[in-house]
Protein chains: 2
Amino acid sequence: MKAKITLKDIARELEVSISTVSKALKNSEEISRDTKEKVQAFAKLYNYKPNNIAISLKNKRTKNIGVVIPAIVHHFFTTVIRGIEKHANAKGYNVIVCLSEESFDREVINMEMLANGSIDGFIMSLSSETQRKGDYNHLKEVTEQGIPLVLVDRVTNEVDCDKVIIDDELGAYMATKKLIGQGRKKIALITTDDYLSVSKARTGGYRKALLESNMEIDEKRILKLSSMEMDEKSIEDFFNKNSVDAVLCVNEIFTVYSMRLIQKKGIRIPDDISFIGFTDGLLSKYANPSLTVVAQHGEKMGEIAAQMLIDRVENENDEGNYQTKILEPTLVVRDSTIN
Amino acid sequence: MKAKITLKDIARELEVSISTVSKALKNSEEISRDTKEKVQAFAKLYNYKPNNIAISLKNKRTKNIGVVIPAIVHHFFTTVIRGIEKHANAKGYNVIVCLSEESFDREVINMEMLANGSIDGFIMSLSSETQRKGDYNHLKEVTEQGIPLVLVDRVTNEVDCDKVIIDDELGAYMATKKLIGQGRKKIALITTDDYLSVSKARTGGYRKALLESNMEIDEKRILKLSSMEMDEKSIEDFFNKNSVDAVLCVNEIFTVYSMRLIQKKGIRIPDDISFIGFTDGLLSKYANPSLTVVAQHGEKMGEIAAQMLIDRVENENDEGNYQTKILEPTLVVRDSTIN
DNA sequence: TATCAACACGAAACCGTTTTCGCTTATTGT
DNA sequence: ACAATAAGCGAAAACGGTTTCGTGTTGATA
């Protein structure tokens, strides 16, 4: 085991000062050709690499960005991470991922751990518990300390910072319009509680589309599930009590599960009933029939978020003047709707 | 924007030395009650938190662990990360995730970035390109520097370190045995090139089960796809040319796609043909019919890997004596096989 | 030959902690 | 009243770099 070599070691071996070594490695004009060559050769030979921690301490930049998300076993969030990684890595940054697991406390703990010098900025998506409580003090503290923060997807108006979202209302609107255009009259919505910013927006888009087409909004056709997890019983009850000819769901899982229930009843998709979901993941592509979905472009969101964050980090001059980028969703048409 | 407060700031305000402040905050016996209370009150008031970077530099421990994996938009790897996060967080560690995207170069670059002081140890799964090239010098360098390394799932014998794998051979063996037990005679295998350690082992288990049951191994029934991505055409050709009554696939996607092709031909699952895949992800659960799979217990693998790594990090005395933990896969029976 | 740049390098401060060691001052025992 | 001891605190080194500011030597110039 050959331990890491430091400037001090090189200086001792070559009988020069630490400053000389440091400058020589940076090809400083101050140092003679001879010395530079000697030092650089020695450094190469012993595979010298500067210690990141020491550099971080010196210039108060870690080249790390902290990502706090509610879950990772979710296609959408993994695509976001991938986008972040892509841009961050290209810019020489590392990504520290922390999971809140939809818990307020874990979100707070993780942010506090990272905020004490470990990272240059945050990218985060709010946990459902945080959105339900409406307590954003941990975010405010971070921004007040001057640590840049970019909120993605699940955001809040109560915090002043950069944001990247997709136009969820538009997505639901487009989807609903599509269903209406296919002659569907009894369009159901399966969503989650309104405290989730995205669910609220999607419900809004659904209503807007119906109103615009002069279709009555039947509240009984809106099923609000209280958690992100599957509540199979509620969905079953819902379909037993309501007769519908189209369903819009706020995620893939709700959609696929609903389709299966419907198929078991012998109802044909998309002939008798159409389905549209959110998130263009594996499930959508490989479901049977394959799913028509509102694609959220998570990877692009991640890239943009990383770009906004790194811009802030590297130009700390212009604080304030925060932006919200709104991405347009795309309707990916497959076999769960009529073509 | 209130900037972070340091020991120096507190010392200046309270007109004591930095050492006194440091000790007071650690409740040292050396410091008088009075002074301790004064300092602690002040620190609380101004929300003092020690700077992680400075502490890392001092005691050469970052409390970060580096995770390098080939991909994140894959259910199995996300469960591994989740397991790592779970244990690491409980032990006060952060997780730095880097993606190799199956590229050798990116794997090397990421490891070098992290190895210069940013992390206390590595958990990694080899990229396919690395396994194909068989070049493990970047791993050897890291271990020679005394940085603990734990390899998970995609491993190699050429590097001396702790490892966590599942018994892929056993998994494939169990699955194949199950198919044989259901009276299947023409069992196909859809896999990837053998340079991937896991694919090789799975192919081995498949062969072993057939041999053990005195069934002939027809090489034409083994389809090797050259990449992890879907090669739809090859799969279609394969089913056109071969008549089979059971299929074992090394991942979910191959399985689901194959099932769909088969269903289009009007062949019934599981009546006429059975399917078993690897990875117990969303696709398996929500496919139609739902998939019988070999569950890999990624979360448990992640937890164990994190535990092994942190043990090494915190007891750096006992180098050598490396262990390989082999997890047993589980067969999760659903509707793509006869019950 | 005295003077002055230019050149090449080193000393030291600094980033924010921790920790060892030594120095006052007050207290105790004799 | 004086030495020994303990209590309370500060100075300084250390972690591994970067950077500013000297300083000694050299060669050129007047």
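Treat the numbers as computed from the prediction; the structure is a model and nothing was measured. The figures here come from the full heavy-atom set of this structure, side chains too, leaving out hydrogens, waters and symmetry mates. So that the names make sense, note that chain A is the first sequence line, chain B the second, and so on, each numbered from 1.
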For this session: Indicate, yes or no, whether a donor-acceptor pair under 3.5 Å links the base of C/dT20 to the side chain of B/Lys23.
Result: yes
For this session: Go through D/dG10, D/dT18, C/dC15 for me and flag the one nearest to the A/Ser22 side chain.
Result: D/dT18
Problem set entry | For B/Ile96, the option from B/Thr62, B/Ile65, B/Ile119 that meets side chain to side chain contact (heavy atoms under 4.5 Å, CB included) | B/Ile119
For this session: Classify the side chain of B/Lys58 versus the base of C/dT17 as yes if they form a donor-acceptor pair under 3.5 Å and no if they do not.
Result: no
Exercise. Any side-chain donor-acceptor pair under 3.5 Å between B/Ser125 and B/Asp153?
Worked result: no
Exercise. What is the distance, rounded to the nearest whole Å, between atom CG of A/Leu57 and atom P of C/dT18?
Worked result: 13 Å
For this session: Using a 4.0 Å heavy-atom cut-off across all strands, classify B/Ser56 as base, sugar-phosphate, or nothing.
Result: nothing
Exercise. Does the C/dG16 base have a donor-acceptor partner in the side chain of A/Lys60 within less than 3.5 Å?
Worked result: no
Seminar exercise, completed: The residue, A/Lys36 or B/Thr20, whose nearest nucleotide of DNA chain C is more 5′ is A/Lys36
For this session: Applying side-chain hydrogen bond (donor to acceptor under 3.5 Å, both in side chains) between B/Ser127 and each of B/Glu102, B/Arg132, B/Glu107, report the one that passes.
Result: B/Glu107
Exercise. Ignoring hydrogens and angles, does a donor from either the side chain of B/Lys8 or the base of C/dT17 sit under 3.5 Å from an acceptor on the other?
Worked result: no
For this session: Would you state whether a donor and an acceptor, one from the side chain of A/Ser19 and one from the base of C/dA11, lie under 3.5 Å apart?
Result: yes
Exercise. Between D/dT18, D/dC9, C/dT19, which nucleotide gets closest to the side-chain atoms of B/Lys26?
Worked result: C/dT19
Seminar exercise, completed: To the nearest angstrom, the CZ-P distance between A/Arg61 and D/dT18 comes to 16 Å
Seminar exercise, completed: Rounded to whole Å, the CG-P distance (A/Asn51 to D/dC15) equals 12 Å
